[in-house]
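These numbers were taken from a predicted model, which means no experiment stands behind them. Note that these values count all heavy atoms, side chains included, but never hydrogens, waters or copies made by symmetry.
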Amino acid sequence: VRLQTGSSAIKIHEYLACCRPVFASWIPGLEFLEEEYLGRLVPPEDSDALAECLVEVLSDAAWGAEAGARARPYAVAHSSWRAVAEAVEAVCKGAVAT
């Protein structure tokens with residue numbers, strides 16, 4: 001589980017849980033979308049880059065289907081309540097052990 005700092009865009013994780021690839025502004029903490037092939041990032045406030053990205057992805061239906069198929073398993077493994085609780089538990093156990 002990746003414990004992120006900065007913004008907490010829960011909607012990103014909700015979209016992934018719905019088997020959807022995600023398109024978002026490149027902000028710290030969202031790199032995993034591209035690293036895990038779950039979506040695409042574009043520069044913030046760059047509507048031309050967003051349009052180019054959407055045209056590219058809409059032209060490649062297979063990519064969208066594959067990214068969507070990877071999205072839910074990723075969300076369950078990394079951002080479900082169970083996964084988050086296990087991460088918090090590990091941090092707490094580590095703090096107590098020291």
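Tracing side-chain contacts under 4.5 Å through hydrophobic residues (I, L, V, M, F, W, Y), one never reaches Ile12 starting from Leu50; they form parts of separate clusters. Both Tyr15 and Ile27 belong to a single network of hydrophobic side chains, linked directly or stepwise wherever heavy atoms of I, L, V, M, F, W or Y lie under 4.5 Å apart.
Cys19 and Arg72 get closest at one heavy-atom pair: SG-CB, 3.6 Å. Scanning both residues, Val42 and Cys53, for their nearest heavy atoms gives CG1-CB, 3.8 Å. Shortest non-hydrogen contact noted between Leu41 and Ser25 is CD2-O, 3.9 Å. In terms of heavy atoms, Glu36 sits closest to Arg70 at O-NE, 3.6 Å. Taking all atoms of both residues into account, the shortest heavy-atom contact from Ala75 to His13 is CB-O, 4.1 Å. Looking at every heavy atom in both residues, Ala67 comes nearest to Pro21 through CB-CB, 3.7 Å.
Between Val57 and Trp63 the shortest side-chain heavy-atom distance falls below 4.5 Å. Side-chain contact check for Phe32 versus Leu30: some heavy-atom pair is nearer than 4.5 Å.
In terms of modelled atom types and a separation under 3.5 Å, the side chain of Glu31 and the main chain of Gly29 share a donor-acceptor contact.
The OH atom of Tyr74 lies 8.0 Å from the CG atom of Leu16; values are rounded to the nearest 0.5 Å. Note that the NZ atom of Lys93 and the CD atom of Glu89 stand 4.0 Å from one another [nearest 0.5 Å].
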